[in-house]
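Written below as structure tokens is the structure these notes are about.
It should be emphasised that the depicted structure is a prediction, and the values quoted were computed from it without experimental measurement. A note on names: the letters A, B, ... follow the listed sequences, proteins ahead of strands, and every chain is numbered from 1.
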Amino acid sequence: MATLELINLSKRYGKKVWGAKDVNLKVNEGEFIVLLGPSGCGKTTTLRMIAGLEEVTEGKVIIDGKDVTYLEPRKREVSMVFQSYAVWPHMTVYDNIAFPLKLRKMSPDEIDKLVKEVAEMVKIEELLKRFPSQLSGGQRQRVALARALAVKPKIFLMDEPLSNLDAKLRVKMRTELKAIHHKTGATTIFVTHDQSEAMSMADRIVIMKDGKIEQVGTPDDVYFFSANVFVAGFIGTPPTNFFKMNIIGENGELHLKNEYIDIKVNDKVRKALEKYNKDEIIVGIRPENLLITDNKDEAIFREKILVVEPQGSHQVIAVELGNQIVKIVTPAFPKYSADELINVTLDQERIMLFDIETEKRLEGI
Amino acid sequence: MKGNKLLKQTLFYLVVAGIILVILTPIYFLVVISLMSDQEAYDWPTQMVPSFFNHFKLEIDGNKYLISVYSPSKKEYVSIIRTDNFDELQKFVRNKTNSNIKKEIFDIQVQKLNELYNKNKEEIEALRSQVNTLESKLNRVTVSTVKLKSQLEKAEKAGMENLISLIKDNIEKYEKEKATYEAQLKELNKQLEEIGSVKFSVSKNIFYNYVRFFQVTSNAWPALLRSIQVALLTVLISLTIGGMAGYAFARYYFKGKNLLKLSVLFVRMFPGISIAMPMVIILINMGFYDKPLGLSLVYSVGQIGMTIWITASIFMGISTELEEAAMIFGTTRLGAFFKVTLPLALPGLAASAMYAFIGSWSETAQAIVLTQFNPTFPVVVYQTLVGAKGLINLTAAGGVSLALPAVVFTLIIRRYILQMWGGVRV
Amino acid sequence: MTKTYSKRWIPYILIAPTIVYYIVFWLRPVISAVYYSFFDENNNVFTLNNYITIFKDEYFKQAVVNTAIFVIISVTLEFLVALGLALIINKKFKGANILLSIALIPMALPAVAVGAMWSSGFATYGWVNSLLYHLGLITADGKIVFLAGSDFQSLMLIILIDAWQVIPFMMVILLAGLQGLSKESIEAGYIFGGTKFTVLRKITLPMLKSSIQTALILRIISAIQVWLIIVMIYGYRRIPVLLEEVVFYEEQLLGFYRVALAYSVIVAVIVSMVSIIYLKVSGAFEKEEQ
């Protein structure tokens with residue numbers, strides 16, 4: 001268990017291409033951090049720099065207050081679960097787990113005890129004598145996990161460990177991983193591109209794009225208080241609906257308006273807009289924040305339903321405004337059907353406003 | 001820490017440079033020697049680069065011309081021929097130095113030489129006679145030294161201290177004398193050279209050895225064509241037969257698959273040359289002995305196994321689903337193969353063909369046994385190498401002509417060579 | 001990867017030409033070689049004389065010994081260097097591709113070209129001595145007489161020459177194997193406490209096992225059959241090896257054709273035995289059973 005600090009961590013390939021740029025992050029003891037982003041965003045590069053597998057171009061990696069930037073991987077006291085599991089095919093499951101311990105010069109008895117302990121923790125006690133080629137993907141995953149746990153690392157690194165599993169197993173492993181983390185309390189850095197994985201497991205999520213950190217925060221933070229248009233669009237399914245709108249004052253009232261939508265803003269939004277001195281603004285509304293109403297007067301727009309996608313627990317309704325598809329999430333009942341005309345309003349408490357130029361979230365909302 | 005890294009990197013690149021040097025140096029010298037004239041190739045030390053010009057010296061000696069060529073190794077002129085016949089002179093010079101002296105140039109030089117000679121006639125004669133005297137003196141001293149040296153050996157065996165020191169003194173004296181004579185001789189020769197000879201340079205035909213290899217080695221051209229023929233036939237046979245099996249490997253399960261996979265090994269366990277011996281009789285009976293087809297039939301035995309390995313790895317790289325998709329849209333299995341898989345496999349198959357081509361093109365051992373009057377190109381080169389040891393630059397030219405296509409093809413299929421061995425498991 | 005279609009006979013049709021070809025152009029000559037090696041050349045009566053001639057030949061023992069030395073030293077040396085070279089190229093540094101291309105050249109060179117290269121090199125007035133002289137390592141009178149060394153030295157020289165050409169071939173097999181290894185498995189070795197050396201020994205090499213086996217078995221088979229390069233550099237019977245003796249009997253002597261056949265059979269038996277022993281010891285057969 002340890003703290004981790006990344007200071008201006010950067011990785012450059014060749015002369016111009018940045019794998020990661022000025023990554024700053026402070027991880028507390030025992031925290032479960034998820035690095036999230038689309039592929040090629042630099043999350044894996046960052047993880048590999050922490051592990052020591054990738055040379056650092058600039059910046060520092062500090063574990064427990066000690067600068068390890070130029071230290072070999074084996075001296076960093078970290079362990080890692082790889083995307084392809086990377087269990088050694090020529091060793092039995094037992095040897096796979098025991099090999100790192102042997103390298104740490106532990107006694108055979110100690111090793112045996114430890115191997116059995118972690119094997120029990122990840123439920124592979126019966127598999128210890130088998131070779132990896134005789135295991136399923138899920139089982140190999142567990143072996144990789146056991147191997148990483150056994151060394152009792154300061155930092156636990158996981159590079160998309162669940163992405164090669166089938167959907168059902170993935171959800172199951174999530175729960176188990178979280179339980180194991182709860183039990184061991186190991187500081188964990190977990191890389192994924194799957195936002196639901198990130199939301200369900202992380203203490204804090206680090207959202208990255210093009211090698212840079214876009215936002216760091218708890219799952220609720222990044223969802224409800226997305227720092228910018230990218231984060232708001234990346235987190236959440238179906239994704240946030242964005243509208244480019246004009247700010248118009250009418251009869252002493254402030255409206256956010258475009259060709260199809262007209263929002264009469266409440267006091268809170270009005271206050272937030274006071275400091276904003278541009279005419280146009282990006283409005284982000286999450287699908288569940290658009291509400292279907294019978295009251296024509298409070299509707300911000302009125303449109304025919306394009307398609308209904310039933311999801312069991314809820315329905316996703318799509319309407320077309322101009323050439324933009326807008327998605328609305330409503331409860332399972334009442335049922336709607338295509339071509340039905342609906343009035344749509346929104347809860348202004350949860351509206352997101354972004355600067356038209358910087359695409360950053362407006363303060364105070 | 002960064003300095004340490006730099007040091008490591010420098011060392012690493014030094015090692016790499018060393019490896020490259022070890023690989024390229026012999027090849028470099030083979031090429032250099034193939035571009036050298038007889039004169040250069042047999043000079044010692046061999047120069048690091050072939051010359052592009054020859055520097056000649058022409059003198060009148062009696063009523064004949066004496067032509068010499070400058071040797072960069074010896075740092076002096078080496079005489080080539082003394083003659084009064086221009087055609088003979090031209091031929092000798094061309095064979096020895098790979099330079100063709102044109103009649104016009106020669107005539108101009110002769111005219112210059114005659115003018116010079118007539119002007120300095122007396123001085124030249126005087127110098128010549130001095131040179132002759134000095135040479136005979138030098139000769140005498142040399143003989144005496146040799147004699148003394150053998151006496152010294154005897155004395156050392158007998159352990160006669162007095163005699164040894166006496167002889168040693170004498171040897172020293174003679175050697176000093178010899179050195180002075182040599183210096184004088186050098187000086188005289190230099191003077192003689194200045195007043196009695198003309199010098200001129202003629203460009204060297206750098207590829208003359210290649211021309212000469214095909215001229216001198218009477219069957220080199222037919223052998224070259226034959227080798228191409230053999231190689232193409234081998235490609236045809238091994239690619240058709242091995243390609244079919246390779247496809248079966250990639251797409252189907254069948255009994256004996258592992259055994260067939262190991263056939264490459266089994267086939268190699270019986271020495272190729274030993275197969276060739278009984279094959280002589282078999283081919284004679286078939287009427288293919290000493291013919292390209294006969295050779296390629298034998299070569300294909302070795303190539304088919306390789307072709308199976310390569311083509312199997314190529315077909316495995318092409319998804320079955322593509323074929324199945326074609327079948328769903330209405331082609332037959334065979335049609336799917338020809339319209340979908342084959343075009344996709346084409347680059348890989350071309351690589352496989354080149355691999356077989358190289359193998360057949362370079363093969364020497366079996367060809368030595370399997371050919372009699374119609375050798376292949378490697379055999380011709382082999383014969384010049386083993387038979388006429390005297391013409392190393394010609395052999396080198398033959399070797400380079402033989403190697404060039406093989407090297408070019410190998411570099412073209414570099415990627416596939418790795419891919420193929422990546423898929424091979426014994 | 002492989003699919004069983006309903007039409008079971010298709011693969012057999014596809015491999016049939018190969019089988020037939022092997023029978024006609026490999027099995028038949030092999031059988032006739034074995035057969036005739038037991039019959040007298042003149043009267044076609046069963047005899048062991050062909051073999052007896054070989055065992056009585058004083059060069060036979062020497063050939064066996066030389067071949068054994070050649071195989072052991074050259075295979076070991078070539079494997080180690082090839083492995084090092086493959087590891088270097090696999091590092092994917094700047095210029096790795098160029099190094100690979102250059103390293104492939106010796107493999108591509110026909111044996112005769114290699115022979116010309118080295119016989120012109122190791123002649124006393126050859127380019128090797130010239131190079132040493134230009135580099136200032138020897139004087140004009142200090143030429144090394146490479147080809148006049150003792151038998152053992154000559155054999156070592158041949159091993160070096162042969163290694164120069166064969167190492168790239170082994171390197172290619174090992175490199176192909178290395179490139180097929182999971183990069184993450186090796187990285188895991190570093191993460192979990194391995195030094196470069198431990199990772200190489202305990203993880204990379206064991207995972208590379210099948211490529212190593214391929215490279216070694218192919219090389220052992222061809223090493224036992226070395227002859228052409230020796231004859232090109234030294235001529236016949238200067239350094240007798242097994243196959244060189246076969247060719248000697250076949251090409252250089254008249255009337256010993258069947259002795260040469262018998263010799264071939266002996267060589268083939270030795271090659272097969274060594275291969276089988278190697279495959280057994282290295283455990284290549286066990287894999288099939290797993």
Side-chain angles (χ1 to χ4, degrees), chain B residues 16 20 23-24 26-27 29-30 33 44-46 48 241-242 244-245 247-248 252-254 258 260 263 265 267-271 273-275 277-279 282 297 301 304 316 320 358 362 364-365 378 381-382 385-386 392 395-396 399 402-403 406-407 410-411 414 417-418 421-422 424-426, chain C residues 1-4 10-12 14-15 17-18 21-22 25-26 29-30 32-33 99 101-106 108-113 115-117 120-121 125 127 130 133-134 172-173 175-176 179-180 210 213-214 217 221 225 228 232 243 246-247 250 260-261 264 267-268 271-272 275 284 288:
Chain B
V16 171
I20 291 177
I23 296 171
L24 288 187
I27 300 170
F29 273 103
L30 184 73
I33 291 175
W44 199 88
T46 315
M48 301 288 282
I241 295 181
M244 282 166 76
Y247 186 78
Y252 300 92
Y253 175 79
F254 53 89
N258 264 325
L260 195 59
S263 69
L265 290 184
V267 166
R268 278 154 191 247
M269 285 185 190
F270 205 84
I273 191 141
S274 312
I275 301 276
M277 288 190 276
M279 274 310 284
I282 293 170
L297 283 174
V301 174
I304 284 176
M316 275 178 202
T320 332
I358 299 166
S362 310
T364 320
V381 182
Y382 171 81
L385 175 68
V386 179
I392 192 59
T395 313
L402 178 65
V407 171
T410 303
L411 293 183
R414 190 185 67 192
I417 291 180
L418 276 186
W421 284 109
V424 168
R425 293 281 179 272
V426 170
Chain C
M1 215 173 296
T2 43
K3 284 201 172 174
T4 19
I10 292 181
Y12 296 100
L14 288 172
I15 60 166
T18 305
Y21 201 92
Y22 277 156
F25 293 105
W26 185 75
V30 167
S32 77
L99 181 60
S101 299
I102 291 175
L104 285 179
I105 297 176
L109 290 180
V112 181
M117 180 182 297
S120 69
Y125 287 89
W127 60 260
S130 303
Y133 175 77
H134 286 301
V172 162
I173 300 178
L175 180 62
Q179 294 188 344
S210 70
Q213 273 171 349
T214 312
I217 188 69
I221 290 175
Q225 301 180 17
L228 187 58
M232 283 190 291
L243 212 57
V246 174
V247 184
E250 139 84 21
L261 288 183
S264 305
V267 176
V271 175
S272 330
S275 314
E288 307 292 324

Is [X] close to chain B through its backbone or its side chain, or both, or neither, when contacts mean heavy atoms under 4.5 Å?
| X | value |
| --- | --- |
| Tyr125(C) | both |
| Val246(C) | side chain |
| Leu228(C) | side chain |
| Ile102(C) | both |

Checklist entry - Any sub-3.5 Å donor-acceptor pair from Tyr21(C)'s side-chain atoms to Leu297(B)'s backbone N or O? => result yes
Checklist entry - Taking the side chain from Gln225(C) and the backbone from Ile273(B), do they hold a donor-acceptor pair closer than 3.5 Å? => result no
Item to check | Candidate pair Leu109(C) and Ile27(B), rule side chain to side chain contact (heavy atoms under 4.5 Å, CB included), full reasoning | outcome: CA-CA 10 Å; Leu109(C) 290 180; Ile27(B) 300 170; 4.2 Å; yes
Side chain, backbone, both or neither of [X] within contact of chain C (heavy atoms, under 4.5 Å):
| X | value |
| --- | --- |
| Leu24(B) | side chain |
| Ile33(B) | side chain |
| Ile282(B) | side chain |
| Ile275(B) | both |
| Ile304(B) | both |

Shorter than 4.5 Å, heavy atoms on both sides: which option in [options] has the most such pairs with chain C?
| options | value |
| --- | --- |
| Ser263(B), Ala406(B), Pro271(B) | Pro271(B) |
| Ala245(B), Ala365(B), Gly242(B), Pro378(B) | Ala245(B) |
| Thr46(B), Leu30(B), Ile20(B) | Thr46(B) |

Checklist entry - Is Thr364(B) close to Pro110(C) at the side-chain level, that is, under 4.5 Å between some pair of heavy atoms? => result no
Please round to the nearest 0.5 Å and tell me the distance separating atom [atom1] of [X] and atom [atom2] of [Y].
| X | Y | atom1 | atom2 | answer |
| --- | --- | --- | --- | --- |
| Thr18(C) | Met244(B) | OG1 | CE | 7.5 Å |
| Leu418(B) | Ile173(C) | CG | CD1 | 11.0 Å |
| Tyr22(C) | Leu260(B) | OH | CG | 6.5 Å |
| Leu14(C) | Phe254(B) | CG | CZ | 8.5 Å |

Distance-minimising heavy-atom pair for [X] and [Y]:
| X | Y | value |
| --- | --- | --- |
| Pro11(C) | Ala248(B) | O-CB, 4.0 Å |
| Leu261(C) | Pro278(B) | CD2-CD, 3.9 Å |
| Ala103(C) | Ile23(B) | CA-CD1, 3.7 Å |
| Ser272(C) | Met269(B) | CA-SD, 3.8 Å |
| Pro17(C) | Ile241(B) | C-CG2, 3.7 Å |
| Ala113(C) | Gly399(B) | CB-O, 3.8 Å |

Next on the checklist: Would Ile105(C) and Thr410(B) count as a side chain to side chain contact (heavy atoms under 4.5 Å, CB included) here? Give the steps.
Outcome noted: CA-CA 8 Å; Ile105(C) 297 176; Thr410(B) 303; over 6 Å; no
Next on the checklist: The test is side chain to side chain contact (heavy atoms under 4.5 Å, CB included); show your working for Met117(C) and Phe29(B) and say whether it passes.
Outcome noted: CA-CA 8 Å; Met117(C) 180 182 297; Phe29(B) 273 103; over 6 Å; no
Item to check | Max heavy-atom pair count under 4.5 Å with chain B, selected residue of Tyr133(C), Trp127(C), Tyr12(C) | outcome: Trp127(C)
Checklist entry - Among Val271(C), Val267(C), Val247(C), Val112(C), which has the most heavy-atom pairs under 4.5 Å with chain B? => result Val112(C)
